Amino acid sequence: MYSVSWKHLKNHERQTTSWDHPKMTQLFQSMADLSHVRFSAYRTAMKSRRLQKALCLDLLELSIAQSVFDQHKLTHNGQLLEIPGIINCLCTVYRELQQVHPDLVNVPLCVDLCLNWLLKVYDSDRSGKVQVLSMKIGLFSLSKGPLKDKYKYLFAQVADAAGVCNQRQLALLLLNSIQIPHQLGEAAAFGGSNMEPSVRSCFQYVGRDDVIEVQQFVDWMHLEPQSMVWLPVLHRVAAAETAKHQAKCNICKECPMVGFRYRSLKHFNYNVCQTCFFSGRISKDYHLSYPMVEYCTPTTSGEDVRDFTKVLKNKFRSKKYFTKHPRLGYLPVQTIPEEEHSET
């Protein structure tokens, strides 16, 4: 078992306050090969997935993370944690993970990498301190668990004693969350640091301007708002990693298709693999305005029938029709409900 002494903490503090761990630098450099992904939500989600796995946070259950925070009495979210305190908390997290995954978790390395990441994301002025709220939101966002539960955990971090959240508290949650894609160089696509449009969107959706409740927040998040769309896409990216679809890509002819499958709702039996879709490759007779549906898991017979019916309806609609009736939301395709692939 990995134990931590105060001498180790002091040495660790001196070593990691450079904010430039070699392995973390190497990880971020490796993300350059994702530049071909044209859609920012997918590009950000794929970068986040690499980060999540490098930090072994894909092994961390939401409930375990919460129990560690409780164990360390991190109940005051406005508290600033110095590096030794952050390390102590992370050591507990990774010791818990090592007990379950002894062959996957190297505690000293994971602590190093996760500390370095937290400092890069939430300590831009290099003070050597991170707010408790920021650390919680960072770890919860990349933890393992159903998407709906993750939304509830995130909401709970800013809710008051009555379990509701006002506009300022919601803005605080969204601002801390957007720091993750910001550190990956992707924040501009999700509204930058201006949270006012997202906060206004949420409260308008709920139909009130004072406070929102947790279920109202979850319902709004299911709409995949611009500032947070990368998070549900991250869950779909994780679900698609091992998916095999018994279909042939009409562009590169890959069969079976591995990863995401994109099925046309305009033409019968027209499929595109994720590599071709992300790079924007299409056939000459297909237009980007035509509707497609995304699958991160193999389709069911019910989904096949549903899509067939939609193709019948769209078959004789013109390109002009689809130009006048664009897709809603911030993604280039329709997606299936996240309950079907909500674990990361």
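The basis for the numbers below is simple: all heavy atoms, side chains too, and nothing from hydrogens, waters or symmetry mates. Keep in mind that this is a model prediction, so the values were computed, not measured.
Put simply, the side chain of Leu133 does not reach to within 4.5 Å of the side chain of Leu173, judged on heavy atoms. Leu59 has its side chain within reach of Cys56: a pair of non-hydrogen atoms, C-beta onward, lies under 4.5 Å apart. Residues Trp230 and Glu186 fail the side-chain proximity criterion, which asks for heavy atoms closer than 4.5 Å.
Residues satisfying the salt bridge (Lys or Arg N to Asp or Glu O under 4.0 Å) criterion with Lys53, sequence neighbours excluded, are Glu241. For Glu96, there are no salt bridge (Lys or Arg N to Asp or Glu O under 4.0 Å) partners, not counting sequence neighbours.
Ring-plane geometry between Phe277 and Tyr262 is classed as parallel, the angle between the planes falling under 30 degrees on a 0 to 90 degree scale with a further cut at 60. Using cut-offs of 30° and 60° for the angle between ring planes, the Phe140 and Phe69 rings count as perpendicular.
Side chain of Gln169 to backbone of Asn166: a donor-acceptor contact under 3.5 angstrom is found. Side chain of Lys253 to main chain of Asn250: a donor-acceptor pair is present (N/O by atom type, distance under 3.5 Å, no hydrogens or angles). Of the possible polar contacts, one joining the Ser35 side chain to the Ala32 backbone as a donor-acceptor pair under 3.5 Å is found. Checked by atom type and distance alone, the side chain of Ser279 pairs as donor or acceptor with a backbone atom of Thr275 at under 3.5 Å.
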For the pair Arg50 and Asp33, evaluate salt bridge (charged side-chain N to carboxylate O under 4.0 Å, His left out) and give the outcome as yes or no after the intermediate values. CA-CA 12 Å; Arg50 287 192 187 180; Asp33 66 5; 3.0 Å; yes

Does the pair Tyr270 and Arg263 meet the rule for a side chain to side chain contact (heavy atoms under 4.5 Å, CB included), with working shown? CA-CA 6 Å; Tyr270 187 96; Arg263 172 191 271 173; over 6 Å; no

The test is side chain to side chain donor-acceptor pair (under 3.5 Å); show your working for Tyr42 and Glu294 and say whether it passes. CA-CA 12 Å; Tyr42 291 90; Glu294 170 189 279; 2.3 Å; yes

Walk me through whether Phe190 and Thr44 qualify under side chain to side chain contact (heavy atoms under 4.5 Å, CB included). CA-CA 10 Å; Phe190 308 105; Thr44 303; 3.3 Å; yes

I would like to know whether Cys273 and Arg261 meet side chain to side chain contact (heavy atoms under 4.5 Å, CB included); could you show each step before the answer? CA-CA 5 Å; Cys273 70; Arg261 173 190 180 182; over 6 Å; no

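A distance of 12.5 Å separates CE of Met31 from CZ of Arg43, quoted to the nearest 0.5 Å.
In the model, Arg95 has no side-chain atom that pairs as donor or acceptor with a side-chain atom of Gln98 under 3.5 Å. Using modelled atom types, one finds a donor on one side chain and an acceptor on the other under 3.5 Å when comparing His235 with Lys150. When only modelled atom types and interatomic distance are considered, Asn77 and Lys136 share a side-chain donor-acceptor pair under 3.5 Å.
Asn194 CG: more than 12 foreign heavy atoms inside a 6.0 Å radius.
Between Arg236 and Glu224 there is a salt bridge, with a side-chain nitrogen of the basic residue lying less than 4.0 Å from a carboxylate oxygen of the acidic one.
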